[in-house]
There are 2 protein chains.
Amino acid sequence: MFDAIDAAIVRELQNDARLPNKDLAARVNVAPSTCLVRVRALRERGVITGCHAEVDLGALGRPLQAIVAVRIRPHTRAVVRRFGDYVLSLPETIAASNVAGPDDFLVHVAVTDAAHLQQLLLDGFTTRKEVAELHTNLLFDHRRKHEVPPTAEVIS
Amino acid sequence: MFDAIDAAIVRELQNDARLPNKDLAARVNVAPSTCLVRVRALRERGVITGCHAEVDLGALGRPLQAIVAVRIRPHTRAVVRRFGDYVLSLPETIAASNVAGPDDFLVHVAVTDAAHLQQLLLDGFTTRKEVAELHTNLLFDHRRKHEVPPTAEVIS
DNA sequence: AATGAAAATACATAATG
DNA sequence: CATTATGTATTTTCATT
């Protein structure tokens, strides 16, 4: 299913997806050709789903981040899904979670400044009929970890 | 500062960081040599900060996600920073945000099942003295967008 | 499933327009 | 910035174990 070598490959590629296959092979102690076969298998099995460049949000003109908690009404499947699609289509949205609890969505946004945030909230959120309530949390700091390890159970 | 070609390069590499330079050049309509220079410059200027493989959390044995909202007391710089470092060191943590508002941290975690989540909350969070209050939101769905566009202001 | 060697590609650099 | 050329390195295939 997923042995120690696969786990090592996943770990290395989470940290640097552009690591040359030759170097990756050396780090996980297999031949380059073997390594390539394994990486391809991990992609085909859907374990590795993609490789994405990480970009500095400040450099993109979006130094200010916030988490917007949204309560949706009516709380129907169609309305919830439609809002999820909509909110992800906004250029300011980095991620959106549909959660259980008093709030229905937590939306992570990145904007230029407070004025931009206010405009986003007014034009992008509160104008929508299904948005019943909004709570905005400014982010002082957001740290994402790239290396998520497999649990012991999935390693054979 | 950042022209239309750079913006296109950033867009393409956010979607696929392993796109060969030749193909990338074709997509953004420049010569491969030019493209390579620009990609290197974007990395050196800190616009592109890294490339990371995205992995299916279910395949890693972590199909259940939650956002844990944590209130910290005392609310001092040292305690807040120490908790942030600690929480990011947990293998279950994917991301952690230090936010303004009633809650101090929003911690995104990925676990095996409800039992694992309970154990994480009890052993990893509530045992710590600085954790004053916890609210756990189960995630039904988390969607992250890879392509974050630059704002109009940073494009010249 | 893993390996080593050969063939195909891609990269990095430089010179020219 | 585009083109071309060139040497180097890497990726990929494949026969073999």
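These numbers come from a predicted model, not from an experiment. Chain letters run A, B, ... following the sequence lines, proteins first, then strands; residues in each count from 1.
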Participant: Calculate the interatomic distance between A:Asn21 atom CG and C:dT3 atom P; express it in whole Å.
Facilitator: 12 Å
Participant: Less than 6.0 angstrom from the centroid, inside 45 degrees of the normal: does B:Arg128 satisfy that with respect to the ring of B:Tyr86?
Facilitator: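 Satisfied, under 6.0 Å and within 45°.
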Participant: Taking the side chain of B:Pro20 as its heavy atoms from C-beta onward, which of C:dT13, D:dC1, C:dC11 lies nearest to it?
Facilitator: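 Nearest listed nucleotide: C:dC11.
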Participant: For the backbone of B:Glu133 and the side chain of B:Arg71, can you confirm whether one donor and one acceptor N or O come within less than 3.5 Å of each other?
Facilitator: no
Participant: What does A:Ala31 touch in the nucleic acid at a heavy-atom separation under 4.0 angstrom: a base, only the sugar-phosphate, or nothing?
Facilitator: sugar-phosphate
Participant: Does B:Arg38 pair with B:Asp3 as a salt bridge, N-O distance under 4.0 Å?
Facilitator: yes
Participant: Take the C1' atoms of the five end pairs on each side of the helix from C:dA1-D:dT17 to C:dG17-D:dC1, derive the two axes, and give their angle rounded to 10 degrees.
Facilitator: 30°
Participant: Consider the side chain of B:Lys22, meaning its heavy atoms from C-beta on, and name the nucleotide among D:dC1, C:dC11, D:dT11 that approaches it most closely.
Facilitator: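 Nearest to the side-chain atoms of B:Lys22, counting from C-beta on, is C:dC11.
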Participant: Would you indicate which nucleotide in D:dT13, C:dT3, C:dT13 comes nearest to any side-chain atom of B:Arg40?
Facilitator: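 The closest nucleotide is C:dT13.
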Participant: Of A:Asn29 and B:Leu19, whose closest DNA chain C nucleotide lies nearer the 5' terminus?
Facilitator: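 Comparing both residues, the 5'-ward one is A:Asn29.
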Participant: So what does B:Val37 touch, heavy atoms closer than 4.0 Å: a base, only the sugar-phosphate, or nothing?
Facilitator: nothing
Participant: If the threshold is 4.0 Å, N to carboxylate O, is there a salt bridge linking A:Arg18 and A:Asp23?
Facilitator: no
Participant: Figure out the CD1/P separation between B:Ile9 and D:dC1, and round it to whole Å.
Facilitator: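 It is 9 Å, rounded to the nearest whole Å.
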Participant: Is the phosphate of D:dT10 approached by B:Arg18 (side-chain N or O, under 4.0 Å from OP1 or OP2)?
Facilitator: no
Participant: Nearest to the side chain of A:Thr34, which nucleotide is it out of C:dT3, C:dC11, D:dT3?
Facilitator: C:dT3
Participant: Does any part of the side chain of B:Val70, heavy atoms only, come nearer than 4.5 Å to the side chain of B:Asp104, both counted from C-beta?
Facilitator: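 No, side chains not in contact.
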Participant: For the side chain of A:Leu36, counting heavy atoms from C-beta on, which of C:dA2, D:dT11, C:dA12 is nearest?
Facilitator: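 Ranking C:dA2, D:dT11, C:dA12 by closest atom to the A:Leu36 side chain puts D:dT11 first.
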Participant: Just how far, in rounded Å, is C1' of C:dA1 from CG of A:Asp3?
Facilitator: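 So the CG-C1' distance, A:Asp3 to C:dA1, works out to 11 Å.
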Participant: Can you tell me if the side-chain N/O atoms of A:Arg38 get under 4.0 Å from OP1 or OP2 in C:dA2?
Facilitator: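 Yes, within the criterion.
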Participant: Between B:Gln14 (side chain only) and B:Val148 (backbone N and O only), is there a donor and an acceptor less than 3.5 Å apart?
Facilitator: yes
Participant: By the definition side chain to side chain contact (heavy atoms under 4.5 Å, CB included), identify the one residue from A:Val107, A:Val111, A:Leu117 that meets it with A:Glu92.
Facilitator: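 Only match with A:Glu92 under side chain to side chain contact (heavy atoms under 4.5 Å, CB included): A:Val111.
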